[in-house]
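Step one of this worksheet: look at the structure below.
On a predicted model such as this, the values are computed, not experimentally measured, just so you know. Throughout, residue positions are numbered sequentially from 1 according to the sequence presented.
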Amino acid sequence: MTPPVADLSQLMQESQVTEVLDRLDRELVGLRPVKQRIREIAAYLVVSRLRQTLGLVAERPVLHMAFTGSPGTGKTTVAMRMATILHRLGYIRREHLVVASRDDLVGQYIGHTAPKTKEVLKRAMGGVLFIDEAYSLYRAENERDYGQETIEILLQVMENQREDLVVILAGYKDRMDQFFQLNPGMRSRIAHHIEFPDYTLEELIEIAKLMLQAQNYEMDEAALQAFREYLQRRMRLPGFANARSVRNAIDRFKLRQAYRLFTKGGQVSAEDLRRIAADDIYQSSVFRTPLPEEGGKHAQ
């Protein structure tokens, strides 16, 4: 008797998981270890689905995750793509991501927290709940903090309703490590811990080029050199947030470019409207702000 077989290629084609992974590659610069982990998780989910098809013992995988890293490293984008993969493979009912923070979940007085938390859970049910800065839910210095109530509700849902909700906790690595040490029940419910590295200087420049291209702007060689110098300083100043800081910087460059053209007046070509000049960048206060070893402060 011929043993039953499952068609891996057919499942990959029907679910279009490879397409989602390729899209993630195109959307995000760098992050090679993160992309590899996502591919491994996707492969595991595909194989688990095939095991079920052939009647092999295949309990539903624990899918709750922790994404750790600095701001602006693509954690929310990866969570969105993970929601797509989970939905296409039938692990969640909806291709749906709800992003929440402490303010969305924790109340300010007795009896306020449970309804807030349950309302967010209700909106996320059937999909993925992404909790940013999850470590802020627990404040060890305040015994009467209401965040502990949210954690207890989350723990129950993550265990008892894991077939209808995937939770992704995100935040700085050191603070998340401390959060898990203080909340071992939460750590035990997390199956996948993925660390998002900071972007390198060259990766940030590539991200900026992609952002500018998408908005129909461009930098000439002089502007690119100015931007490189800007990043070399900005990365050393407080509050740097990787791709998020790059996006904010580009917005400010565009403001300066617009004001430069507005002040000059006269006829303006399409090339003028596209071009970010070096001076639009050198006007940044980053170039006038002392670096940390010189006692510097945050700059924009």
Side-chain angles (χ1 to χ4, degrees), residues 22-32 34-35 67 69-81 97 99 101 103 130 132-133 170-172 196-292 294 296-300:
D22 290 344
R23 180 181 176 186
L24 191 62
D25 279 334
R26 294 192 302 269
E27 285 180 326
L28 294 176
V29 172
L31 298 179
R32 185 171 300 175
V34 173
K35 293 174 180 177
F67 291 176
S70 303
T73 49
K75 294 186 291 295
T76 305
T77 299
V78 172
M80 291 170 60
R81 300 298 157 251
L97 178 77
V99 179
S101 64
D103 289 344
F130 180 87
D132 200 14
E133 298 183 349
Y172 290 103
F196 287 64
D198 288 330
Y199 288 108
T200 66
L201 174 63
E202 296 303 324
E203 288 171 342
L204 291 168
I205 291 173
E206 183 64 26
I207 289 169
K209 289 179 179 178
L210 291 173
M211 289 179 177
L212 288 167
Q213 183 180 28
Q215 300 173 47
N216 207 3
Y217 282 85
E218 61 186 16
M219 294 182 186
D220 58 21
E221 288 302 317
L224 279 174
Q225 178 57 35
F227 183 60
R228 179 181 292 273
E229 295 173 22
Y230 169 91
L231 281 177
Q232 288 172 333
R233 295 184 65 88
R234 184 66 188 89
M235 292 170 72
R236 297 175 61 185
L237 293 171
F240 181 70
N242 289 277
R244 194 177 303 166
S245 288
V246 169
R247 182 177 64 245
N248 292 340
I250 287 174
D251 285 343
R252 290 190 290 274
F253 300 159
K254 287 159 55 181
L255 283 173
R256 296 189 191 107
Q257 181 237 38
Y259 186 71
R260 170 171 56 80
L261 295 174
F262 174 81
T263 303
K264 181 181 178 182
Q267 295 184 337
V268 181
S269 68
E271 181 180 351
D272 293 330
L273 293 171
R274 284 196 302 266
R275 185 173 66 90
I276 301 292
D279 193 51
D280 299 328
I281 300 171
Y282 282 128
Q283 288 182 48
S284 170
S285 62
V286 163
F287 292 100
R288 302 187 301 275
T289 302
L291 295 176
E294 301 172 275
K297 296 180 180 180
H298 176 61
Q300 297 295 324

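Note: L31 CG to L24 CG = 8.0 Å, rounded to the nearest 0.5 Å. For the atom pair R23 CZ and T77 OG1, the distance stands at 9.5 Å (nearest 0.5 Å). Atom CE of M235 sits about 5.5 Å away from atom CG of L201, to the nearest 0.5 Å. Atom CG of residue L28 and atom CD1 of residue I207 lie 8.0 Å apart, to the nearest 0.5 angstrom. Here the CD atom belonging to E203 is positioned 11.5 Å from the OG1 atom belonging to T73, to the nearest 0.5 angstrom. Atoms CZ and NZ, from F130 and K75 in turn, are 6.5 Å apart once rounded to the nearest 0.5 Å.
In this structure, Q215 contributes its side chain and R274 its backbone to no donor-acceptor pair below 3.5 Å. Not one N or O on the side chain of E218 forms a donor-acceptor pair closer than 3.5 Å with the backbone of L212. Formation of a donor-acceptor pair under 3.5 Å by the R288 side chain with backbone atoms of Q283 is found in this model. Between the Q257 side chain and the A277 main chain, no donor and acceptor come within less than 3.5 Å of each other. Formation of a donor-acceptor pair under 3.5 Å by the K35 side chain with backbone atoms of G30 is found in this model.
Within the 4.5 Å cutoff, the side chain of L231 has no heavy atoms near those of the V286 side chain. Contact of the P71 side chain with the Y172 side chain is registered, since non-hydrogen atoms from C-beta on lie closer than 4.5 Å. For the pair L224/K209, a side-chain contact is recorded, criterion being any heavy-atom separation below 4.5 Å from C-beta on. By the 4.5 Å heavy-atom criterion applied to side chains, V34 and P197 are counted as neighbours.
Of the N and O atoms on the side chains of Q225 and E221, not one donor lies less than 3.5 Å from an acceptor on the other residue. Looking at S245 and N248, their side chains never bring a donor and an acceptor atom within 3.5 Å of each other. Under the 3.5 Å distance criterion, with hydrogens and angles disregarded, no donor-acceptor pair is assigned to the side chains of E206 and Y199. Side chains of D198 and S70: a donor-acceptor N/O pair is present below 3.5 angstrom, by distance only.
A pairwise comparison of heavy atoms in A223 and I276 identifies CB-O, 3.2 Å as the closest pair. Between R233 and T289, the shortest heavy-atom distance links the atoms NH2-O, 2.7 Å. Minimum heavy-atom separation, R236 to P292: O-CG, 2.8 Å. The shortest non-hydrogen separation linking R244 to G72 is NH2-N, 3.5 Å. In this structure, M80 and L97 approach most closely via the heavy-atom pair CG-CD2, 3.3 Å.
Using bins of under 30°, 30° to 60° and over 60° for the plane-to-plane angle, the ring pair F253/F227 lands in the perpendicular bin.
Taking a 6.0 Å sphere around CZ of F287, one finds it holds more than 12 heavy atoms contributed by other residues, nucleotides or ligands.
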Next item on the list: Step by step, work out the side-chain contact (heavy atoms from CB on, under 4.5 Å) result for R247 and I250.
Entry: CA-CA 5 Å; R247 182 177 64 245; I250 287 174; 5.8 Å; no

